[in-house]
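As structure tokens, the structure follows; a few thoughts come after it.
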Amino acid sequence: MVKYGLDYTRCRWILPLLLGIGVIFGIIALSGSGWLESQTLPYVHRASLWESCRRSDEGGEWTCESLMGYAWGRAAAATYLVGFILLCICFALAIIAFAIDTLRFNFIRGIGGLLFVAAMFSIMGLVIYPVKFSTEIEMTGVNMFSWAYGFGWTTAIMEICLGFFFCCLPNYEDQVLGNVKPTYFYSSP
């Protein structure tokens, strides 16, 4: 980081900030009602991670059915929720790790490993949901997996990428802490 003009003291909060953004995206995915929506008229179907709602072709009130009555619905919600909880734990640990003046690089590598576990759980939930939803729930018309489902995938991708950053950061410990003597390419005559 120092080589390209980024001082460690100014940039030390970038990774926890990105984890915080991942937590926000996870909250949006968990609470969003747009996991599945009707794409064409009549808009008769929408679903979240927790429930599936329908209405008649003529319009009217939405009638909702909980997906927690299905084993796959509980499994999808539980695995995604476990991944989200692990992400929140990683966020708290990253704040603690980067708040200490002397970084514990093995601690940071552990956060990276925990992020990979969180990504695994999140991806399991994101795969179970569409596979079982499309086979178990009757859908009419053209439906699409929508914005909240996309936020779920964004969270999982962020967990994987940040896991790599947290695991690779200890390899550059001396550069980050400024313990490397700078090399100058100018030679005096």
Side-chain angles (χ1 to χ4, degrees), residues 1 6 8-37 46-52 66-134 144-173 176-177:
M1 285 192 286
L6 298 174
Y8 163 70
T9 56
R10 287 183 291 174
C11 298
R12 71 187 305 169
W13 293 105
I14 290 175
L15 290 176
L17 175 70
L18 289 172
L19 275 175
I21 292 170
V23 168
I24 291 170
F25 286 174
I27 291 170
I28 292 170
L30 282 169
S31 62
S33 63
W35 277 57
L36 180 120
E37 294 177 338
R46 70 174 185 217
S48 68
L49 180 60
W50 312 103
E51 65 185 3
S52 174
S66 175
L67 295 177
M68 297 303 109
Y70 298 97
W72 61 266
R74 290 188 303 272
T79 53
Y80 190 79
L81 197 57
V82 166
F84 177 73
I85 290 170
L86 289 175
L87 176 64
C88 292
I89 291 170
C90 288
F91 177 61
L93 291 175
I95 288 176
I96 292 168
F98 284 96
I100 299 171
D101 286 334
T102 57
L103 277 176
R104 308 282 183 211
F105 281 95
N106 290 334
F107 185 61
I108 291 175
R109 189 170 276 147
I111 294 171
L114 194 58
L115 280 170
F116 285 123
V117 173
M120 180 187 67
F121 277 106
S122 297
I123 290 172
M124 282 193 305
L126 290 166
V127 169
I128 291 170
Y129 183 84
V131 169
K132 296 306 283 181
F133 193 98
S134 59
M144 66 176 176
F145 290 97
S146 190
W147 58 273
Y149 186 68
F151 273 107
W153 274 107
T154 303
T155 302
I157 292 169
M158 286 182 76
E159 289 168 347
I160 293 170
C161 295
L162 288 170
F164 279 115
F165 277 117
F166 275 94
C167 285
C168 293
L169 188 62
N171 294 340
Y172 301 98
E173 178 177 1
V176 169
L177 296 177

message: For Ala75 versus Ile128, what's the shortest heavy-atom pair and its separation?
response: CB-CD1, 4.4 Å
message: Just verifying a value: how many Å separate Leu19 CG and Cys88 SG, rounded to the nearest 0.5 Å?
response: 10.0 Å
- line: Sorted by chain and number, sequence neighbours left out, side chain to side chain donor-acceptor pair (under 3.5 Å) with Ser146 holds for Glu37
task: Check the pair Trp35, Leu126 against side-chain contact (heavy atoms from CB on, under 4.5 Å), reporting the backbone distance first and the verdict last.
output: CA-CA 10 Å; Trp35 277 57; Leu126 290 166; 3.8 Å; yes
- prompt: What residue pairs, at least two apart or across chains, pass salt bridge (Lys or Arg N to Asp or Glu O under 4.0 Å) with a residue in residues 123-134?
  reply: Lys132-Glu136
Closest contact, heavy atoms only, Pro16 versus Phe91: O-CE1, 3.2 Å
task: Just jot down the side chain to side chain donor-acceptor pair (under 3.5 Å) partners of Ser52, sequence neighbours excluded, or say none.
output: His45
task: Answer yes or no: is there a donor N or O on one side and an acceptor on the other, between the side chain of Trp50 and the main chain of Ser31, under 3.5 Å?
output: no
query: Does Tyr129 use its side chain to pair, donor to acceptor, with the backbone of Ser48 at less than 3.5 Å?
result: yes
- prompt: Excluding sequence neighbours, so at least two apart, what forms side chain to side chain donor-acceptor pair (under 3.5 Å) with Trp72?
  reply: none
- request: Can you sort out the partners of Phe116 under ring pair (Phe, Tyr, Trp, His ring centres under 6.0 Å), two or more places apart, ordered by chain and number?
  value: Phe164
query: Considering only heavy atoms from C-beta outward, does the side chain of Leu49 approach that of Leu81 to under 4.5 Å?
result: no
- prompt: Do any pairs count as a side-chain hydrogen bond (donor to acceptor under 3.5 Å, both in side chains) and have a residue in residues 155-170, sequence neighbours left out, and if so which ones?
  reply: Ser122-Glu159
